[in-house]
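All remarks here apply to the structure that follows.
Since the model is a prediction, treat every value here as computed from it, not as a measurement. Computation of the quantities below employed the complete heavy-atom set of this structure, encompassing side-chain atoms and omitting hydrogens, waters and symmetry-equivalent molecules. Residue numbering restarts at 1 for every chain, and letters A, B, ... go by the order of the sequence lines.
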Amino acid sequence: MNDTVLQYLLVAVVLLPLLGAGGALLPAPPGLKGKNPDQAVLRHGVTITGAVLALTIALAAGFDHGHPAKMQASTDISWIPALGIRIHLGIDGISLPLLVLTALLTFLCALYSYFKMPEGPSPKAFVALLLLLESGTLATFAVLDLMLFFLAFEMVLIPMYFLIARWGGAGRERSALRFILYTLLGSVIMLLGLLLIGLKAGTFDMVALATDSSHAGRHLSHTTQLIAALAIGLGLAIKAPMWPLHSWLPDAHTSAPTVGSVLLAGVLLKMGTYGFVRIVLPITPGAAHTYAPYLAAFAVIGIIYGSLACLALARGGSGGDLKRLIAYSSVGHMGFVLLGIASLTPTGVNGALFANIAHGLITGLLFFLVGALKDRYGTSDLDTLAGHTGAALYGKAPRLGGLLAFAAVASLGLPGLAGFWGEMLAMFGAFKPAAGLHRGAYLTFTAIAAFGTLLTAAYLLVVVRRVNMGERETADAPQPVLADIQTYEFAAWTPLVALTVLAGLWPAVLLGLTDPAVRTLLGGN
Amino acid sequence: MNDVLDVILRLLAVLVAFLVLPLAVGQTEHKVMAHMQGRLGPMYAGGFHGWAQLVADGVKFAQKEDIVPADADRKVFQIAPAVALLPYLLVLIVIPVGPHGFVGQAIDAGLFFVLAVLGVGVLGSLMAGWASANKYSLLGGLRTGAQLMAYELPMVLAAASVAMAAGTLSLPGIVQAYQWWWTPWQIVGAFIFFTAGLAELQRPPFDMPVADSEIIFGAYTEYTGLRFAFFLLAEYAGIVVLCALTTVLFLGGWHGPWSDSIGWLWTLLKTAVLAFVVIWLRVTYPRLREDQLQKFAWTVLIPLSLLQIALTGVVKVVIQ
Amino acid sequence: MSTLAASGSVIQSVDWIAIAPPTITAVVALVVLVADLFLSDRRKPLLGRLTIGGLLLAGLSLLPLTDGDHTTFCLTTSPRDCSYVADHFTLVIQLLVIGGALLTALLSMHTMDELPAGEYWFLLLSAVAGAALLPASRDLATLVVALEVATLPTFALVGIRRGDRLSSEAALKFFLSSVAATAVTLLGVSFVYAATGTLHLTAIAHALPGVDPQLTTLAKAGAALTLVGFAFKLAAAPFHFWVPDTYVGAPLPIAAYLSVVGKAVGFSGLILVTVVAFKPYDAIWGPAAAALAALTMTVGNVAALRERPDAPHSAVRLLAWSSIGQAGYLLVPIAASAYSTTDHIGTTVAYALMYAAVNLGAFAVAALVSRTYKANRLTDYRGLYTTRPLAALSLAFFLLCLAGLPPGIIGLFAKVAVFSSAVDAGLGWLAVLMAVNVVIALVYYLRWTALLFVRPEGESAPATRTPAPLTAAIAVAAALAVALSGAPQLVLRFAAASLL
Amino acid sequence: MDYFHGYSVVGLVAVVGVLFVAVAFGAGRLLRPVVPTPEKLLTYECGVDPVGEGWAHTQIRYYVYSFLYVVFAVDSIFLFPWATVFAAKGYGGATLVEMFVFLGFLAVGLLYAWKKGVLEWT
Amino acid sequence: MHLAYPAVLAALLFSIGLYGVLARRNAILVLMSVELMLNAVNLNLVAFDVWLRDKLHSGQALTLFVIVIAAAEIGIGLAIVLLVYRNRGTADVDKLTDLAERTGGPGREDQAEEAEKKAEAAA
């Protein structure tokens, strides 16, 4: 495929959901009314997200895999000449996988909701918000202008806020407000950093900035870089989230509807780490070098903290919520991603990007599963679920239990599944960090992170034991009959499972894409 | 040295005119009114037709006890008569009597000055009305104020018409530029100016501020003795000033048959005739009601004066 | 007016096309006043339509002026010094003023059963005429007269609800403080005149460097004092105290008008005086303007943050404080103009255009809400989305624009433009302070926005029918805001080039 | 110099006038009797004891007139500078028309007051 | 005549006016003080005009406008004071506190409510 077609494909990928969101608010056309308006609009959501997924797959197919470091499908139109802001879109090996992941997860969510609409007001707004969210996320990964990046970054917040606040569970309004205030504060600080870069360098174009700065940082002084990178990093770190800025995440996840959780964990968190790779590393390399050890330190603290929190939640009698637990596990996993980035080596960054994708797949699956459990039991509280002995899912709904075990094992990083490669590469990178970084410190970080993997394994196994095993029937507490996995659930989950296995067995398919791009970004070392 | 003497002489002349002419008008009023009403008027004081009547009045006023009501605003109450009187003295000095500098003191913007200073006089009445702490006085004072406001405007506009015709604001300059046909040209303006002036002086038929049947004696109710006399003096000085101004602005001042050297006589004569008209009007017309007075000013005089200005402007541009 | 002043023997020819916008407005004002006398009560609504028609006509009269600079009322002795200049700056501000007035007129159509229509429209049009004259005036006399013509009718408009305690109190406060500020400005003008011997802005700029050393202090004092009146109109701190009370007491459309057109009057006068006339003294007014900007935005935003949502009139009061905060942003590029060789006033203008559309929209929704809830508390907006989804969405969009958050893209980029003007001029500290203020402002704008979508507690008042003009006002403002968000270049292009 | 001379003479006249009044009052003080009694100092209300305060609040009707006056009188100050020059060379008709426009404003103001019933009392 | 006399006089007048604006509590007196300030400006302008021998007489022209402005201000000002007086029986600017922000406890709140109701009733 030639580049013009790719170019239109990319624009269509970003715009289609946006148009679809507008379309969702309109009454359905005569032929597509369906049984009732609710069903029609949900079907509209599935159609649009499916089309977007198809487009992204076409995009991936048309992508020149020989030169993943090169910006492809780029569109560059002047938008606000007064401020030098351009509509610049393009993808390379780093953004393409994220684009596909986003399209996939959103499609699956739309599909899932078609059968299992979360409780709340009309599905019309739900679908529109979902599509808006998709558009924002896709745009975040596709734009190459700092201001547009910020716009896309922000555009995601509002639909997510409403998804949590209107279709969420208990305490949703508080959590949603907390979510939006935290991330907004972060993004405003990030905006200041972006502005600083743009004003000092005279352009907002990421490609130009990345190229310029790799030529010995022609434009940006070290001080500017330090300030800008701090501001941008702060905004991204809140989003990622990095310990100690993570506190909005567990609440948001706990209150969010299943679909919201999936997208939040699977896609939104990636925007933060993507920003680190796309902006901080190439545009402010000097500052990245200065801050890398601190970032690494926070990352490993996050790993340990997340795991310990999960352990505490998994313990019997602690009143831990499964969704909350997975949310904390995300903090740990994202810690690995950040550690990989902080190593500043191609290995580490590749690992980080890989872990990104893997986490998106696995945690998305986990949230789906927990959502299914919650639907069946009416609660996701671990103690209530497990009772004294355990929920005995294996016995009552063997396939559901099996899948849960699979996801947990994948999450703890079993070799052969997706979770393994990312974390391993990240630790490899940290083990041998880029020149100029303190080796000793990084060795310590690596050691702690490795300890973190053990803790991760521990809490996930505890969870599996408490949920899956146990006596089937107890005399004093007759348990409800559980439906096993439904067809639509299969449809929604199978792709995730398949991809987890695929990425675990054949990591090169991903690493081949990211590695050249990463090397280019890191300035060819 | 000569200059100083010159100034002093002029001052003295003005002062004398200020003290004598109003008395003359007053005495004339006594007699004219009496004869018009078929009676004699003052006959005893001074012997010949009671010529010293006003002097006798003056002596009486000077001897009377000066009472300031206990509730009154003392300071303001006492100053008010002076405020009412002095502006007329100031105006008198700039009115040209004859050609070639026969004037107390010529001032560039004489017309402006005259109109401005005349407006101050009413403050005296307002102060008196307010300071008396008397309901009737207050009403009278307010009426005076309202009347001034209603009639100042047509007066100013009529004066503006003359200034347009002459192309100057200097009073001698206006007289200098006078042609005989100005009188028919500006006749409406003259009527307005004179009428408005009467109203400002609170002369009948515009004397509601002192309407005895409604509000005793308006702003002057509480006054006695010398201070009361000052108010009276102000009224008659006002008549002199008004008539002199009308003469100067509309009737050509010193212009008349024969030599310029008797110009001052023409001015005095015209003024005297106008003063007679003022007295005549008092005898002839009944008092207007307060609202009629206001309505007359706003709906008749002001539109008329605007028309007069338009007429003046058009004629002036056409004859060029 | 300089026909009087010009001692030349020839009558100046007047460029009627150049002076058309303010002139048409004034003539229509007069027509409305006279028409009011001869219309029966039943047909009074005609006056509103007449006003809107007149404003549209005035707006159209801007079109022939776009080709370039028109000047008129110039000195015969030095044709460089003109009293009326219709350049791009003038045009943009006139567009802002007339457009703002149009929206205000739409806003006020439905309130006419309670207010005296003839007087209301006449006063509004007179004020607009003054406001439209102001950006074009290039001598201090015309400037002062225009300022007063723009201001005096608004006193009456603020107090036009005759029986209302709040309305008259607001009018008195507004009046007394404004009049005192005007007097101070005039004193400054007299000083400047004494030092330079001229009132024409360009001539002043020309004469200032050569002022007699004995008189420089006088000239500087004059320059400083002259700014006071305009700073007052702009509601820059410390001349801002009248704003909240006045906005609350005034009829809502008038508060909207003051917040937009009143501010336009203030900053355009400020620009003319500083950037044109006192350019040689930029070392003096530059820091002053920067300090004023810093103080204004901080005071406005902090006070808005402290506004209690359940206090009576808290919505209007919040808008009032926020408008003070926004005035601070408007001042930033003016201050920046003192520090750099190019002027940044285009940025102020661009920001003001954005602010005008959005703020009027916010006031329009507030007017809608106040039909149901007289007290107009912030808490009355709880769950607006369930009763009036479109109004709530529009208000949310307006507030996001004011806050400068996507999807209010135009708000964001206008702020970016202001921000970059400060950075360009080397006013880094001001830029940082502005950033902090933007963050503070986010909190209260978002709190309000969030409130719109919260589920209402208990019974909400039933939605009454919305008057068509009000709907139109909201729709126009929303359409403008959306259009600008899609193509911010429409206004931001002013920021790129010099307008004067 | 003439300018100041003229007004200094006017000032002198004012001083003379004040002196005259002062002397007259001074003389009057010497000539007249002073025998105040409470009855004499009472406010005069047609012979009966006064009711209420003298500074009573009265009808505000006159206020509108003063309003009208201020507006018109101030407008008319523009008339005088114009009046002296409009017929000079080079002005002529256009200047006249300008002033008619100005007078038109005054007329509209008057018309407004009239139609609004300001001039009617009942 | 030396410029100092009118200038000093004007400065004094202006200061008195300013003091009046700041210190007086009666709205009418504040208004009068403002007029005093404006007249000080007029005096300044005329004096400077003469002193500069300005051929255009900008100062005097501006004076005319200031006079008009002052008149318009006094007109509107008196109307507003009258309105305030009618609505609440006082022209004391310190007593106009209905609009002020209330920061006190719940007691104050009730007063505000009451004032609110009154205002609504009046409207």
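Of all heavy-atom pairs between A/A82 and C/L492, the closest is CB-O, 3.0 Å.
When heavy atoms are compared at a cutoff of 4.5 Å, A/I85 approaches chain C solely by way of its side chain, counted from C-beta outward. At a 4.5 Å heavy-atom cutoff, the contact between A/L177 and chain C is made by side-chain atoms alone. Heavy atoms closer than 4.5 Å to chain C are found in the side chain of A/Y161, but not in its backbone. Contacts of A/L83 with chain C are made by side-chain atoms alone, with heavy-atom separations under 4.5 Å and no backbone atom involved.
The stretch residues 131-144 of chain A places none of its residues near chain C, where near means some heavy atom under 4.5 Å from a heavy atom of that chain. Of residues 440-453 of chain C, those residues with a non-hydrogen atom less than 4.5 Å from any non-hydrogen atom of chain A are, in numerical order, C/L442, C/L446, C/A450, C/F453.
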Between side-chain atoms of residues 230-238 of chain A and protein atoms elsewhere (two or more places apart, or another chain), which donor-acceptor pairs fall under 3.5 Å?
none

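Annotation: side chain of A/L191 is in contact with side chain of C/L412 (closest heavy-atom distance under 4.5 Å). Contact of the C/Q489 side chain with the A/P81 side chain is registered, since non-hydrogen atoms from C-beta on lie closer than 4.5 Å. Using a 4.5 Å heavy-atom threshold, the side chains of C/L400 and A/I158 count as touching.
Residue pairs meeting the ring-ring contact (aromatic ring centres under 6.0 Å, His included) criterion with at least one member in residues 401-421 of chain C, sequence neighbours excluded, are A/W79-C/F413.
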